[in-house]
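Step one of this worksheet: look at the structure below.
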Amino acid sequence: MAKTAQEKADAKAEKLYKKTHKRKYQLSPGDILFTVLNYLVFTLFTIACIFPFYYLFINTISDNDMVLRGTINFIPRGLHIGNYTALLNVGDLSTAFLVSVTRTLLGTTLMVMASALVGYLVTKQEMWGRKFWYRFLIITMYFNAGIIPVFLNMQMLGLTNSFWVYIIPGIVAPYNIILVKTYIESIPADLEESASIDGATHMTIFRKIIWPLCKPILATIAIFGAVGHWNSFTDSLIYMQSAPNLYTLQHRLYIYLNQSSNLKSLMQSGGTVSEAAMKSVLSGKIIKYTISMVTVIPILLVYPFMQRYFEEGIMLGAVKG
Amino acid sequence: MDKSKTVKELASDKLYYFIRLAVLLSVVFLFVPALNPSRICGLINKNLSLFTSGVAYSTLTADFGRAFKKGWVENSSIQMLYVSSLVICLGIAANAASGCMSLGNMKFKKLGNIISLVGSIVELAGMGGIYMAYVQVAATSKPKRVEPMFPGSFWFVTVIFALIFVASLIQVIITAKEKAEEKFEMETKFRLFLMFLPFIALVAVFSYLPLWGWRYAFFDYKVGDTLSMDKFVGFKWFTELIKNPATVRDIINVLKNTLGMSFIGLATSWLPMAFAIFLCEMKNIKFRRFVQTFTTVPNFISWVLVYSIAFCIFSTDGFISSIFVNLGIWQEGKNFLMDGSNTWLKMWLWGTWKGVGWSAIIYISAISGIDQQLYEAATVDGAGRFQKMWNITVPCLIPTFFVLFLMAVANILSNGMDQYLVFKNATNTSSIMVLDLYVYELGIGKGSIPLTTVVSMLKSIVSVILLFGANGASKLLRGESII
């Protein structure tokens, strides 16, 4: 049967198509190997990132005798929460928890409010000496007097061994101010203009227009600020040398991690501890694990909800101020 | 408006500049301990500022326990000192407020003048109180213990307050006949500035004022001393840095560690980019999302917690040891953390574990911004997967990489200290000691203030130079600045 010219042309086109699109439909062995390896490596790395937290957790809720024998490696057994309730009796730990929570809440709130206000003010062209003061502020990101001069400065101001050293120096955060400023500049200017034509003052515009519109960026810097406050450890170490009641939770954890194996005396110093509670937390290892867990839980709990903001944050960081 | 200004108004304006300057000065010595006029005896801490002595009575009397008990010093005279300091603080606050008001309209100015006048009277009364407290303390039965001393700055401060008083009085008289407006009003530019002012003050105090601490580099200072000119040693500590063999050895070792670890970091700074590229090669979106979520978690925990994680996995009774012991392979657990070998590599590994997932995010979003047509065109041309990765994705990411790389170069001396502090132990001290940690241990731990100030100073200067160098390089190569 003779093919028509049309059929011939079709076959030719088909052949050509198959030739050019070969790679799309046929996976070469190299490709398969690559894909498998890729998935494997990423799976392993992800496990390396999660497993330690899981391991820490199951060792704090499992039967303590088994934990001490080292038999709890993958599956928790003999579940109980005695370790956590026992920690409530450690006096200086609850103090440290309170200090950390207070500084996180207060420090973050003040920082966010200050960043919002300053970010707004530096967009106002009519401010006296705006350019100069903005540079005066931003340039501090690029130099640092050094840890000792800063320490001596705090000492001079009477801020050492004081709770306020956690809060006050962090209120003005130049980087966050840049982020807010950039964000405000992206808001259509008409909104502000029409409000000011209606006679609104700068403060009213800030409260009624800028603040609500900036909520996404403010949430982002709030999250970063809160994580920073919660994790900060060196400021407690440097400034609180003779005020152990103001140590942050991270600093306490650091001290416990460096203490020798048995922390029984610690429990006793915390006040009345029942015999049963004492027995359940005989080992320093379990105490260390449990305190670590208490310290990390807030981050792990907050993280899934806040991940979006974290990622937005790093992208905003890529935008120059 | 300027043309219609009378001589009176001009004089008033000039006088305002003077008052504002004087008020600024008094605010400064409110916070500077060296200028504290309330330090009337040696029992008062020399690091106490006027502000602290007026606000915190317990701090003021911290060293007076014995003196009160033995009757060397009357409780009432120190209370008088406290009240006087408090009054001066309030007076200075009033002056500062009136200084701000002087930027407003005539009604504001008038009110400000009166407040300023009252404030300066209160301040002078406070100075009188301090003087009386001094007289009482000076009459102590134990001058050797109490060390009564007339505060060096007393007359200087008093003169400033008196000048403010006189100037305010003149202002009140000048403006007495001026007609005031109905409402309190101020030009927008000054109103905005006054809102900004508290934050400028914070920045000045916490970022600029520490630079004043660099003067310690030129003095023979020990913790608790006061600085005086007879302790001025010029560049002694700078030469110490290159002449004292023990210090030189330390510094060389520290620099070796700092630069070594920074270079490992720089040499592997492409890793987050590779992470992002390979992650995006995976077709399963859900899995990709999963990996991305969980590899960023370690970035948000502190270094103390990272150490705690290391402890639970690698210590004597940690995960690895208990697995091997239970399997009968090892007789007893090993503590990997106490092992002092390959410290640089280990520190890099922990840094990577903590940071790589997070650093990759910026590249991941850069990849999602690449035009898909580029890939389609490459496919038609017969490019394979790796060719596309190498010839399209990588070149598109290079600008981002370049900026981050330059920033890393600028930070080559600042590895931070948290990580090295928590992982430091007896076996790895010499190879883990980086510059930041060294300065901390020498300064805070051993109290060697001048030497560490020199090191901090040099480090800051080098960092700024590196930053500008990196910025210059960026401008030269890409025509864009990074700061």
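Given the structure is predicted, the values throughout are model-derived calculations rather than measurements. Just so it is clear: chains get the letters A, B, ... in the order the sequence lines come, proteins before strands, and each one is counted from 1.
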Contact origin within [X] toward chain A - heavy atom pairs under 4.5 Å:
X	answer
B:L279	both
B:F51	neither
B:I309	side chain
B:S207	both
B:V455	neither
B:T296	both
B:L202	side chain
B:N284	both
B:I364	neither

Quick one: which residue pairs count as a side chain to side chain donor-acceptor pair (under 3.5 Å) with a foot in residues 447-461 of chain B, not counting sequence neighbours?
B:D436-B:K459
Using non-hydrogen atoms only, which part of [X] is less than 4.5 Å away from chain B: side chain, backbone, both, or neither?
X	value
A:F74	side chain
A:V41	neither
A:N231	both

Anything under 30° is parallel, anything over 60° is perpendicular, the rest tilted; go ahead and classify [X] against [Y].
X	Y	result
A:F224	B:W358	tilted
A:W128	B:F190	tilted
A:Y55	B:F319	perpendicular

Quick one: which of A:P149, A:P174, A:G129, A:G146 has the most heavy-atom pairs under 4.5 Å with chain B, could you say?
A:P149
Are the ring centres of A:F143 and B:Y208 closer than 6.0 Å?
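Yes, they do, as the ring centres are separated by less than 6.0 Å.
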I want to check something: taking the side chain as every heavy atom from C-beta on, are A:L157 and B:F206 in contact at a cut-off of under 4.5 Å?
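The answer is yes, as the side chains (C-beta and beyond) meet within the 4.5 Å cut-off.
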Testing the 3.5 Å rule here: is there a donor-acceptor pair between the side chains of B:S302 and A:Q250?
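A donor-acceptor contact under 3.5 Å links the two side chains.
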